[in-house]
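Below, read A as the first sequence line, B as the second, and so on, with proteins coming before strands; counting in each chain starts at 1. Remember, predicted model here, so these are calculated numbers, not experimental data.
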Protein chains: 2
Amino acid sequence: MPDTSRATDRNPTRAALVEAALHLFGRKGYDAASTREIAAHAGANIAAIAYHFGGKEGLRLACVEAISAQMGQVMALDALPPPTTPDAARQRLESVIRQVARFMASAAPAQDMAAFVLREITENGPLADTIYHRMMEQRHRMLCQLWGRATGTDPESEATRLAVFAMIGQVIYFRIGQPMILRRMGWDAISPDAAGRIGDLLVRNLHAALAATERTTP
Amino acid sequence: MPDTSRATDRNPTRAALVEAALHLFGRKGYDAASTREIAAHAGANIAAIAYHFGGKEGLRLACVEAISAQMGQVMALDALPPPTTPDAARQRLESVIRQVARFMASAAPAQDMAAFVLREITENGPLADTIYHRMMEQRHRMLCQLWGRATGTDPESEATRLAVFAMIGQVIYFRIGQPMILRRMGWDAISPDAAGRIGDLLVRNLHAALAATERTTP
DNA sequence: GTCTATAAACAGATAGAC
DNA sequence: GTCTATCTGTTTATAGAC
């Protein structure tokens with residue numbers, strides 16, 4: 001059993017297995033996706049899963065690590081210096097929303113990743129804790145910091161935390177509910193143009209919500 | 001094989017099976033939830049599933065019918081006369097949001113139903129079409145009517161349909177993402193008080209978004 | 001209507017050849 | 001590292017007693 005915990009994918013079979021697993025776990029759920037199906041989808045042998053990951057559970061963990069790595073790239077908030085003025089915070093929130101919206105609305109891998117994370121959380125599986133602490137909590141906290149700076153309110157107040165969840169809900173629903181949205185819109189995919197218009201809408205809602213917050217809690 | 005398609009639950013075993021199936025399908029997914037587990041959870045025998053529903057698939061269909069019936073009660077928009085003034089439309093939207101938010105945030109069955117529907121849609125299972133047409137589309141259309149009336153814009157324009165999806169996203173995220181939200185808020189459940197505050201937040205965001213729409217597209 | 005017993009297909013894991 | 005073959009347990013569905 002070699003590099004079971006390695007996130008880097010030097011081996012092409014290993015990488016293909018993670019990609020296929022992410023797709024099938026996300027689409028059908030962990031239990032419903034069989035190792036045979038995953039191996040076939042990756043063009044690999046069933047035994048390769050045990051070899052590279054030690055078993056099905058190891059493959060699940062490898063998926064979490066792959067998502068964590070990808071997510072760090074898309075929401076690279078951590079690297080930038082924290083904004084000092086309300087206006088700078090507002091702009092930072094705006095650019096985060098646009099970036100995440102573009103990623104969520106279009107990119108195919110995002111579908112699998114979002115579905116996978118959501119499932120792991122709602123099923124409260126063995127990796128729910130890991131996912132929450134490594135990917136969710138710190139990012140929400142950072143968004144609360146920006147929101148607090150932008151509105152002049154306490155970043156860790158209940159109102160702020162809930163407001164950030166409402167904002168997040170808008171963005172990720174365009175991913176989670178996408179099959180429904182596509183049908184209703186008469187689209188077969190979200191074009192780059194459409195993703196831009198969705199981003200515009202979400203930013204407009206962001207500004208409206210920020211203004212409403214400032215007016216309510218001065 | 002008796003009343004396979006009956007939605008009314010005269011038989012207590014039948015009703016218990018639907019309830020247990022809704023819970024387990026919603027929590028673990030259709031494939032992952034075994035008929036043995038469902039029967040045990042309902043205090044019934046495995047063979048009762050084949051007897052009452054013709055098989056596992058029939059049980060799945062019975063779940064859809066149960067949700068459809070429940071949803072008609074919670075979002076009883078259809079019965080009321082359509083509002084004529086923008087202000088009446090705004091109030092109608094507000095009351096729908098509060099009602100759905102209260103249901104989504106607290107009631108335990110809502111967890112199972114929301115998770116079940118979401119899964120069926122994202123897995124694009126055999127009942128995805130039924131669910132979309134019987135439960136999603138007409139309600140979204142009705143909300144678009146209200147939104148259009150409230151803002152004076154075309155109810156079926158792209159902007160309106162997307163704006164309604166953004167609004168819906170906020171509401172249902174407080175159900176879908178609830179395990180995450182509870183952790184972050186330090187709650188172990190959403191109290192009635194908290195549900196009220198979440199409703200306040202969502203209504204405030206609704207008003208802000210409506211105002212932003214009016215300003216943008218006069 | 002509800003139960004037991006069983007059939008036929010499937011799952012994940014592993015031993016060992018190459 | 002990758003493959004075939006096989007072991008062991010679990011799945012849904014069903015036949016038939018009561």
Side-chain angles (χ1 to χ4, degrees), chain A residues 1-64 116 119-120 123 125-127, chain B residues 1-63 119-120 123 125-127:
Chain A
M1 180 190 326
D3 65 327
T4 307
S5 62
R6 257 293 176 68
T8 53
D9 287 321
R10 279 194 353 206
N11 187 304
T13 305
R14 208 195 115 100
L17 281 171
V18 171
E19 193 186 327
L22 211 42
H23 180 70
L24 290 168
F25 287 162
R27 189 167 184 81
K28 314 176 55 175
Y30 177 79
D31 294 289
S34 73
T35 52
R36 284 175 165 80
E37 199 179 359
I38 294 167
H41 202 275
N45 192 277
I46 320 125
I49 292 175
Y51 177 77
H52 284 287
F53 307 96
K56 199 184 181 185
E57 278 294 337
L59 186 50
R60 182 186 222 164
L61 179 60
C63 287
V64 172
F116 178 91
R119 269 185 211 280
E120 291 292 324
E123 291 174 21
L127 296 178
Chain B
M1 183 192 320
D3 65 328
T4 307
S5 61
R6 258 291 177 71
T8 52
D9 287 321
R10 279 193 354 203
N11 188 304
T13 305
R14 208 195 115 102
L17 281 171
V18 171
E19 192 186 326
L22 211 40
H23 180 70
L24 290 167
F25 286 162
R27 189 168 183 81
K28 314 175 56 175
Y30 177 79
D31 294 289
S34 73
T35 51
R36 281 175 165 77
E37 201 178 0
I38 294 167
H41 203 274
N45 191 277
I46 320 126
I49 292 174
Y51 177 76
H52 285 286
F53 308 97
K56 199 183 182 186
E57 278 295 337
L59 187 50
R60 181 186 222 165
L61 179 60
C63 287
R119 270 186 211 279
E120 292 290 325
E123 292 174 20
L127 295 178

Between C/dA11 (C1') and B/Asp31 (CG): distance, integer Å: 12 Å

Gap between atom CZ of B/Phe53 and atom CG of B/Leu61 - 0.5 Å precision: 10.0 Å

Rounded to the nearest angstrom, tell me the gap between atom NZ in A/Lys28 and atom P in C/dC10. 12 Å

Rounded interatomic separation in angstrom, taking OH from A/Tyr30 and C1' from C/dG12: 9 Å

Please determine whether a side-chain nitrogen or oxygen atom of B/Thr13 lies at a distance below 4.0 Å from atom OP1 or OP2 of C/dT2. yes

Within the 4.0 Å heavy-atom criterion, would you say A/Ala32 contacts the bases, only the backbone, or no part of the nucleic acid? nothing

Starting at NE2 of B/His52 and ending at C1' of C/dG1, how long is that distance when rounded to a whole Å? 7 Å

Between A/Tyr51 (OH) and D/dT2 (P), how many Å, whole number? 7 Å

Does anything in residues 39-60 of chain A pair up under salt bridge (Lys or Arg N to Asp or Glu O under 4.0 Å), and if so which pairs, sequence neighbours excluded? A/Glu57-A/Arg60, A/Arg60-A/Glu120

Quick one: B/Ile38 CD1 to D/dT10 C1', roughly how many Å, whole number? 15 Å

Test side chain to side chain contact (heavy atoms under 4.5 Å, CB included) applied to B/Ala16 - qualifying residues, sequence neighbours left out: B/Ala42

Rounded to the nearest 0.5 angstrom, the CG-NE2 distance for A/Leu17 and A/His52 is 6.5 Å

So, A/Arg36 side chain and A/Ile46 main chain: donor-acceptor pair closer than 3.5 Å or not? no

Which stems does DNA chain D form, counting runs of 3 or more consecutive Watson-Crick or G-U wobble pairs with both distances under 3.5 Å? C:1-10 with D:9-18, C:12-18 with D:1-7

For nucleotides 13-18 of chain C, which of its nitrogen or oxygen atoms have a protein nitrogen or oxygen under 3.5 Å away, and what is each distance?
residue: C/dA13; atom: OP2; partner: A/Lys56; partner atom: N; Å: 3.2

What nucleotide, of C/dT2, D/dG1, C/dG12, holds the atom closest to the side chain of A/Ser34? C/dG12

To the nearest angstrom, how far is A/Leu17 atom CG from C/dG12 atom P? 13 Å

In this structure, CD1 of A/Ile49 is separated from OG1 of A/Thr13 (nearest 0.5 Å) by 11.5 Å

Please, which pairs that meet salt bridge (Lys or Arg N to Asp or Glu O under 4.0 Å) have at least one residue in residues 39-54 of chain B, sequence neighbours excluded? none

Tell me which pairs pass side chain to side chain donor-acceptor pair (under 3.5 Å) where either residue lies in residues 16-28 of chain B, with sequence neighbours left out. B/His23-B/Asp112, B/Lys28-B/Glu37

Give B/Ala39 one of three labels, base, sugar-phosphate or nothing, depending on what nucleic acid heavy atoms sit under 4.0 Å from its own. nothing

Which residues pass the ring-ring contact (aromatic ring centres under 6.0 Å, His included) test with A/Phe116, not counting sequence neighbours? none

